[in-house]
Amino acid sequence: MNQEKVLKVLLGPVVSEKTTMAASTSNQYIFKVRTDSNKREIKAAVESLFGVKVEGVTTSNVKGKKKVFKGKVGQRINWKKAVVKVSEGQMIDASAS
């Protein structure tokens, strides 16, 4: 996979209380990724960008919420979430990316 594709796969970290607890207890980091990316591309991107050994990747498609604004119904965008498990003893500083 070329370097340009690697840089475009990961869109950013998902930072919340739940993701922070997952990172500290079970070495899992959650990223927002492109909807057309697959697990192999995500694994290669994380390993090359952060220099860690990835044990596994789990992905899920998150549907956007339906919202009403000034009487009109709209929908937020759908996005893809990747949960990346890294090897024991390694860590990612996801807040800096």
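Bear in mind that the values here come from a model prediction, so they are computed numbers and not experimental data.
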Interatomic distance, Ser48 atom OG to Leu7 atom CG [nearest 0.5 angstrom]: 7.5 Å
Residue list, side-chain contact (heavy atoms from CB on, under 4.5 Å) with Asn78, at least two apart or on another chain: Lys63, Gln75
Check: Lys85 side chain, Ser26 main-chain N or O, donor-acceptor pair, under 3.5 Å: yes
Heavy-atom closest contact (Glu41 atom, Asp36 atom, distance): OE1-O, 4.2 Å
side-chain contact (heavy atoms from CB on, under 4.5 Å) involving Val86 - partner list, sequence neighbours excluded: Asn27, Tyr29, Val52, Val84, Ile92
Residue pairs involving residues 70-81 (criterion salt bridge (charged side-chain N to carboxylate O under 4.0 Å, His left out); sequence neighbours excluded): none
Residues that Lys18 engages under side-chain contact (heavy atoms from CB on, under 4.5 Å), provided they are two or more places apart: Ser16
Co-membership, hydrophobic cluster, residues Leu11 and Val14, 4.5 Å side-chain: no
Hydrophobic cluster partners of Val73 (side-chain heavy atoms under 4.5 Å): Val68
Pairs touching residues 45-58 that satisfy salt bridge (charged side-chain N to carboxylate O under 4.0 Å, His left out), sequence neighbours left out: none
For Lys8, all residues meeting side-chain contact (heavy atoms from CB on, under 4.5 Å), sequence neighbours excluded: Glu4, Arg34
Closest non-hydrogen atom pair, Met21 against Ser24: O-OG, 3.1 Å
Shortest non-hydrogen contact between Val9 and Ser37, atoms and distance: CG1-CB, 3.9 Å
